[in-house]
There are 2 protein chains.
Amino acid sequence: MCGIHRGPYHHEGCGCRGPGPAARREGFIQPCLLLLLLEKPAHGYELLDRLADFGLAEADPGGIYRTLRRLEEEGYVVSTWETGGPGPARKEYRVTEEGEELLHAWARSLAQQKNNLEKFLQRYQEVFARKGGET
Amino acid sequence: MCGIHRGPYHHEGCGCRGPGPAARREGFIQPCLLLLLLEKPAHGYELLDRLADFGLAEADPGGIYRTLRRLEEEGYVVSTWETGGPGPARKEYRVTEEGEELLHAWARSLAQQKNNLEKFLQRYQEVFARKGGET
DNA sequence: TGCAGATATATGATTGTGTCATATATGGGC
DNA sequence: GCCCATATATGACACAATCATATATCTGCA
């Protein structure tokens, strides 16, 4: 555990040593799954790897499967069991029209979040540029 | 409630009409408070307004006060009661050295989050640029 | 005097999501 | 027969945001 957290979770870039998952980035896994599935239909275990593209390395498998099932319940993705290949059966998901709409909504939300983050980071840099100049 | 949410919360930029608070941006209020307090010591009610700078308009007062008290418990800010002025007494907060360190850690984490958001948004745009060209 | 409204802080209850731990099953390699 | 990678699933927990509500002070005003 490092200074930035109350709980046992680490944050990306927090600079702590020791074991600890990446930042808890609420509301980011879901849109990432939708985007990855839109690029190419896949099963959960594969998505688990592909999430690393967005900084979500070592995501929690349980969480991924649960999110996928919930997205299916709500009609944003559909799945088919693939029993042909080697190993255990896979559940392959693909995005529905509704899921594509949902991804658009997420993209708007995340673009806004990016703006807010940029505002924060700029103000942050200004404060310390000023402080540096004061000495 | 709009399509993007399971719960009663709205997301920024989600495009829904009707009443609803801004996005639930976990782990953003705390660094914003630290930055605002570093720029200028203030009391909770004032911060409530200043948070709008970072897209956190109409933040929850209860949440702000609780966050400030927790930050104080953990030594990141200190407070003094200001009874001089008009109206009810105010609790003015300012950032400690530890709080400044914490802000640095947050800034690293948020910069990383910004990178991840950018990766997502770029891939998102690429997908739909491709789709648009296919027709 | 009374009382409405802005200012200011505080607390209880609930929820959603992520996280951690664990269970179960299939098939390949040795 | 046994281990390991693959693959999906479920239970328990924690955190931070949200929603609702309570309390107190002071000003303006009728």
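Just so it is clear, the structure is predicted and the values come from calculations on it, not from any experiment.
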Checklist outcome for this item: Residue set satisfying side-chain hydrogen bond (donor to acceptor under 3.5 Å, both in side chains) with B:Y65, at least two apart, ordered chain then number -> none
Checklist entry - For B:S79, which residues count as a side-chain hydrogen bond (donor to acceptor under 3.5 Å, both in side chains) partner, sequence neighbours excluded? => result B:E72
Checklist entry - Restricting to pairs with a member in residues 88-107 of chain A, which pass salt bridge (Lys or Arg N to Asp or Glu O under 4.0 Å), not counting sequence neighbours? => result A:E100-B:K131
Checklist entry - Which nucleotide in the list C:dT9, C:dC20, D:dA9 gets nearest to the side chain of B:P61? => result C:dT9
Item to check | Nearest listed nucleotide, side chain of A:Y65, among C:dT9, D:dA9, D:dT6 | outcome: D:dA9
What is the separation between atom [atom1] on [X] and atom [atom2] on [N], rounded to the nearest whole Å?
X	N	atom1	atom2	answer
B:D60	C:dT15	CG	C1'	14 Å
A:R70	D:dA9	CZ	C1'	16 Å
A:R50	D:dA7	CZ	P	13 Å
B:Y45	D:dT23	OH	P	19 Å
B:I64	D:dA16	CD1	C1'	12 Å
A:H43	D:dT6	NE2	P	10 Å
B:L71	C:dA10	CG	C1'	16 Å
A:E46	D:dA7	CD	C1'	12 Å

Next on the checklist: Tell me every residue that passes salt bridge (charged side-chain N to carboxylate O under 4.0 Å, His left out) with B:E118, counting only those two or more places apart in sequence or in another chain.
Outcome noted: B:K114
Checklist entry - Relative to the ring of B:H104, is the ring of A:Y124 parallel (under 30°), tilted (30 to 60°) or perpendicular (over 60°)? => result perpendicular
Next on the checklist: I'd like to know if the side chain of B:T67 and the backbone of B:Q30 have a donor-acceptor N/O pair within less than 3.5 Å.
Outcome noted: no
Next on the checklist: Quiz question: going by heavy-atom distance under 3.5 Å, is there a donor-acceptor pair between the base of D:dG11 and the side chain of A:R66?
Outcome noted: yes
Checklist entry - NA contact type, B:G63, heavy-atom cut-off 4.0 Å: base, sugar-phosphate, or nothing? => result base
Checklist entry - Looking at residues at least two apart in the chain, or sitting in another chain, which of them share a side-chain contact (heavy atoms from CB on, under 4.5 Å) with A:A89? => result A:W81, A:T83
Using residues 38-48 of chain B as the side-chain source, report each donor-acceptor pair under 3.5 Å to any protein atom, sequence neighbours left out, with the distance given to one decimal.
from	atom 1	to	atom 2	distance (Å)
B:E39	OE1	A:R123	NH2	2.7
B:E39	OE2	A:R123	NE	2.7
B:E39	OE2	A:R123	NH2	3.4
B:K40	NZ	B:E46	OE2	3.1
B:E46	OE2	B:R50	NE	3.4

Item to check | Protein proximity profile, nucleotides 24-30 of chain D - base contact B, sugar-phosphate-only contact S, no contact -, cut-off 4.0 Å on heavy atoms | outcome: BBS----
Next on the checklist: With a 4.5 Å cut-off on side-chain heavy atoms, are B:L36 and B:F54 touching?
Outcome noted: yes
Item to check | Angle by which the axis turns from one end of the helix from C:dT1-D:dA30 to C:dC30-D:dG1 to the other, five pairs per end, to 10 degrees | outcome: 10°
Next on the checklist: Here's a test of your reading of the structure: between B:G62 and B:T67, which maps to the more 5' nucleotide of DNA chain D?
Outcome noted: B:T67
